Amino acid sequence: TQLLEQSPQFLSIQEGENLTVYCNSSSVFSSLQWYRQEPGEGPVLLVTVVTGGEVKKLKRLTFQFGDARKDSSLHITAAQPGDTGLYLCAGARGATNKLIFGTGTLLAVQP
Amino acid sequence: EPEVTQTPSHQVTQMGQEVILRCVPISNHLYFYWYRQILGQKVEFLVSFYNNEISEKSEIFDDQFSVERPDGSNFTLKIRSTKLEDSAMYFCASKWTSNEKLFFGSGTQLSVL
């Protein structure tokens, strides 16, 4: 069974703080994606990283794919209440690139 | 932006009953998926569908589950005899090619009583 472990599971911080979420696996993935999920909604793609060592930035969010393509991190700078949500990493595998989702990190940013 | 549409948003059923969850993927997409998320747990892959057949399925997708694309626009998930443990949010997703962005629907919350 391919597992993607995310840490931390829960994170409550004050507005303006920085944070990092980690996504780790013993498996290699062809790509790794980060999603954000709001309550009652489906996951929405934030970014896809494909190359080992790749770094992508999306405004205050920085995503990095590990050199061995087994792990990834999401760093948020100066978090805002609007960043509150469930962050999911997902690795793509197989002929149809099905997604194996991580365990999720629930982020709460207090104003 | 185009979106994947799922109906109903909520479905309550009695244990042992059949349910059909409906999805309308984005019109030019070729790859279709069902995922589910039990409350408090991670999103789990159920099945992928391409070229009018199942291309991959998980251990969860047993004989009680089936998928169909009856008319070229709808993509359905049928559970023949629901069990309590089938209660979950079921997400449909679609994409144009294997490597493209995956679009998720808003989900159907299935409650089996």
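Per chain, numbering begins at 1; letters A, B, ... match sequence-line order. Here the structure is a predicted model, which means the values were calculated and not measured.
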Heavy-atom proximity to chain B below 4.5 Å, by part of L86(A): side chain

For F101(A), which of Y33(B), Y35(B), F91(B) qualifies under ring-ring contact (aromatic ring centres under 6.0 Å, His included)? Y35(B)

If you count heavy atoms of other groups shown closer than 6.0 angstrom to CG of L39(B), is the number above 12? no

Please round to the nearest 0.5 Å and tell me the distance separating atom CZ of F45(B) and atom CD1 of I100(A). 7.5 Å

Name the member of S30(A), G104(A), G102(A) that forms the most heavy-atom pairs with chain B at distances under 4.5 Å. G102(A)

Which atom names give the shortest non-hydrogen contact between L3(A) and K42(B), and what distance separates them? CD2-NZ, 3.6 Å

Test of understanding: clusters of I, L, V, M, F, W, Y form through side-chain heavy atoms closer than 4.5 Å, transitively. Do F61(B) and Y50(B) belong to the same one? no

Is it the case that atom NZ in K101(B) sees more than 12 heavy atoms from other parts of the structure closer than 6.0 Å? yes

By a 4.5 Å heavy-atom criterion (distance strictly below it), what part of Q37(B) contacts chain A: side chain, backbone, both, or neither? side chain

As an exercise, state the distance from NZ of K98(A) to NZ of K57(B), rounded to the nearest 0.5 Å. 12.5 Å

Flag if over 12 foreign heavy atoms under 6.0 Å of CD, E18(B): yes

Do you reckon L58(A) sits in the same ILVMFWY cluster as F65(A), going by side-chain contacts under 4.5 Å, direct or chained? yes

Need one label for Q6(A): side chain, backbone, both or neither, based on atoms under 4.5 Å from any heavy atom in chain B. neither

Joint hydrophobic cluster, V44(A) plus W34(A), side-chain heavy atoms closer than 4.5 Å: no

